[in-house]
Amino acid sequence: MPTAPESYDCVILGAGAAGLFCASIAAAQGVRALAVDHARAPGEKIRISGGGRCNFTNLHVRPACFLSENRHFAKSALARYDQADFIALVERHGIPYHEKTLGQLFCDGSSRDIIDLLLKEMAAAGAVLKLQTAARTIERTEAGFRLALETEGRRWSVEAPALVIATGGKSIPKMGASGFGYGVAAQFGLPIVETRPALVPLTFGGETLEAMASLAGVAAHGAARAGAAMFEEALLFTHRGLSGPAILQISSYWREGETISIDLAPQGGLFETLKAAQAANGRRAVATALAEDLPKRLAQHVAERAGLGGALGGLSDKALRRFVEGLRDWRLTPTGSEGYRKAEVTLGGVSTDALSSATMEAKSVPGLYFIGEVVDVTGWLGGYNFQWAWSSAYAAGTAIAARASGAEG
């Protein structure tokens, strides 16, 4: 005789940042919540984030820092639970943290501190977590949803009036990432905005890559542009192309076939610096003088690329200005990116047209919610995507609690 399904108020698929937080928020308001994940451990992407210290939010989070086909969609969730709210939670748990550049907040210790925070919040609220558990089927029922789950070969089922998809995107497949959430959306007729790797190193080929081979491992401060987007941060030359924060940022805006621009003197003043060096000692090589502002190998490369292997003294003001202009607008055309295996997030996802911005609920499927990276909302590098996880999870968790309370009443 078949075993009766276990009953919950809410089932959450995904035990990453959004899923764990949503479970704790809902359960803290009286919801019987179950979170399930196929992984052996919860929060694996949290664990590896920020070099193992988790860049858990950013002091400067605002809607303009997110990409989406609907640039207004994130406003509601971000307003209801913002960075100050999560920082307060971190402080209540006594987790020491520090600010790096550009408002980025990191744990002083380990990213495990954030995972432990989430698990403690879940445990205190009474939420249930099942790991190494796969959802084999999802069915719509009169009462909500029925899921067939499998844990170490044992099959069982659960029912709940609310189902939350917090399974993330396709980035870093070795951590178990997949397109599962998009499949659920398609099953229920929700549109998907085309997905692509984002916050990812860019690659080059042919003569461009060959010419840059000597620069592998060189890091420099600069600005990178793709279309109208520009970010001034570190650049890193790799054996396959370009990486570093500035490149990761513009990768979300770049499209195949387009040219990017690199500015190696974003603060300006390079012409004046080289002119002063010329006046002080015209016999100095261009690369030698430039190496006072740029890494030596990079200075040598750009001087040779411009055909300026001689002394500074032989350059006219016009030639020197043309050289500096080239350094401030170095045009390169990537052949591609490092793909999902190195992408920090996935751009695109479940269309925001299909979701309520206030609750993250599917407009056409009552009780079905999508939160975190699976949604077509992608933040900048620097803690923005974690904040979206917290904010969207809070929106869904509180909405589910309100619905459950209303149903009981």
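This chain uses plain numbering: 1 for the first residue, then up along the sequence. Note that the structure is predicted; figures quoted are calculated from it, not measured.
A donor-acceptor contact shorter than 3.5 Å is absent between the side chain of T346 and the backbone of G168. In terms of modelled atom types and a separation under 3.5 Å, the side chain of T141 and the main chain of G144 share a donor-acceptor contact. A donor-acceptor distance shorter than 3.5 angstrom exists from the side chain of D85 to the backbone of D82, with no hydrogens or angles considered. Distance alone, capped at 3.5 Å, places no donor-acceptor pair between the S171 side chain and the Y340 backbone. For the pair W254 (side chain) and E258 (backbone), a donor-acceptor distance under 3.5 Å is present. Judged by distance alone, the side chain of S251 and the main-chain N or O of L199 form a donor-acceptor pair under 3.5 Å. A donor-acceptor pair is defined here as one N or O able to donate and one able to accept, closer than 3.5 Å; no such pair exists between the side chain of D113 and the backbone of I115. Side-chain atoms of D263 do not come within 3.5 Å of backbone N or O of A223 as any donor-acceptor pair. No donor-acceptor distance shorter than 3.5 angstrom exists from the side chain of S405 to the backbone of A402, with no hydrogens or angles considered. Without hydrogens or angle criteria, S391 side chain to Q387 main chain gives a donor-acceptor distance under 3.5 Å.
At least one cation-pi condition fails for R53 and F106: the charged atom is not both under 6.0 angstrom from the six-membered ring centre and inside a 45 degree cone around its axis. Both the sub-6.0 Å distance and the 45° axial angle are not jointly satisfied by R140 relative to the ring of F188.
Aromatic pair Y394/W390: ring centres not closer than 6.0 Å.
A donor and an acceptor atom, one from each side chain of K75 and S357, are nowhere located under 3.5 Å apart. When only modelled atom types and interatomic distance are considered, S351 and D376 share no side-chain donor-acceptor pair under 3.5 Å. For the residue pair Q249/S252, the side-chain donor-acceptor check at 3.5 Å is not satisfied. Using a 3.5 Å distance cut-off with no hydrogens or angles, the side chains of S261 and W330 do not pair a donor with an acceptor. When only modelled atom types and interatomic distance are considered, E232 and H221 share a side-chain donor-acceptor pair under 3.5 Å. Under the 3.5 Å distance criterion, with hydrogens and angles disregarded, a donor-acceptor pair is assigned to the side chains of E121 and H93. Between the side chains of T259 and T333, at least one donor N or O lies within less than 3.5 Å of an accepting N or O. S356 and E361 share no side-chain donor-acceptor pair at under 3.5 Å. Checking Y97 against E91 by side-chain atom types alone, a donor-acceptor pair falls below 3.5 Å.
For the side-chain hydrogen bond (donor to acceptor under 3.5 Å, both in side chains) criterion with T398, the lone passing option out of R80, R403, Q29 is R80.
Salt bridge annotation for K120-D116: absent, with no cationic side-chain nitrogen under 4.0 angstrom from a carboxylate oxygen. We find that R32 and E6 are not joined by a salt bridge, their nearest charged nitrogen and carboxylate oxygen being 4.0 Å or further apart. Under a 4.0 Å N-O distance rule, the pair E325/R328 does not qualify as a salt bridge.
The minimum heavy-atom distance between L117 and V90, with the atom names listed, is CD1-CA, 3.9 Å. Residues N58 and V61 approach most closely at O-CG2, 3.2 Å, considering heavy atoms. Among all heavy-atom pairs drawn from A33 and A23, the shortest one is CB-O, 4.1 Å. Between F66 and G379 the shortest heavy-atom distance is CD2-CA, 3.5 Å. Minimum interatomic distance between P42 and L131 (heavy atoms only, all atoms of both residues): CD-CD1, 3.5 Å. Minimum heavy-atom separation, M122 to V128: CE-O, 4.0 Å.
Within 6.0 Å of atom CD in E207, 12 or fewer heavy atoms from other residues, nucleotides or ligands are found, so the atom counts as exposed in its surroundings. The local environment of CZ in R331 is sparse, with at most 12 non-hydrogen atoms from other residues, nucleotides or ligands closer than 6.0 Å. Applying the 6.0 Å contact sphere to NZ of K363 captures more than 12 heavy atoms from other residues, nucleotides or ligands. Residue R136 qualifies as enclosed at atom CZ: its count of foreign heavy atoms under 6.0 Å is above 12.
Between T133 atom OG1 and L34 atom CG the span is 8.0 Å, to the nearest 0.5 Å. Here the CE-CZ distance, from M230 to R225, works out to 5.5 Å after rounding to the nearest 0.5 Å. In this structure, the separation between CZ on F73 and CG on L78 is 10.5 Å, given to the nearest 0.5 Å. L294 CG to Q300 CD: the interatomic distance, rounded to the nearest 0.5 Å, is 12.0 Å. Between atom OG1 of residue T273 and atom CG of residue L290 there is a gap of 10.0 Å, rounded to the nearest 0.5 Å. Once rounded to the nearest 0.5 Å, the distance linking NE2 of H98 with CD of Q104 reads 9.5 Å.
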| task | Any chance you could lay out the side chain to side chain donor-acceptor pair (under 3.5 Å) test for K170 and T195, step after step, and finish with the verdict? | result | CA-CA 9 Å; K170 300 177 182 177; T195 59; 3.2 Å; yes
| request: Apply the test salt bridge (Lys or Arg N to Asp or Glu O under 4.0 Å) to residues K45 and E344: give CA-CA distance (whole Å), side-chain angles for both, the deciding distance (0.1 Å), then the verdict. | output: CA-CA 9 Å; K45 287 183 75 173; E344 297 204 13; over 6 Å; no
| ring-ring contact (aromatic ring centres under 6.0 Å, His included) between Y8 and F145, worked out | CA-CA 10 Å; Y8 292 89; F145 302 88; over 10 Å; no
| query | Run the salt bridge (Lys or Arg N to Asp or Glu O under 4.0 Å) check on E272 and K275 step by step: do they pass? | reply | CA-CA 5 Å; E272 289 76 15; K275 188 66 181 171; over 6 Å; no
| Could you walk me through whether L13 and F180 pass the side chain to side chain contact (heavy atoms under 4.5 Å, CB included) check? | CA-CA 10 Å; L13 297 184; F180 181 88; 3.8 Å; yes
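For the pair D9/I400, no side-chain contact is recorded, criterion being any heavy-atom separation below 4.5 Å from C-beta on. For the pair I371 and W388, the minimum side-chain heavy-atom distance is 4.5 Å or more.
In this structure, F231 and Y253 have tilted ring planes: the angle between them lies in the 30° to 60° band.
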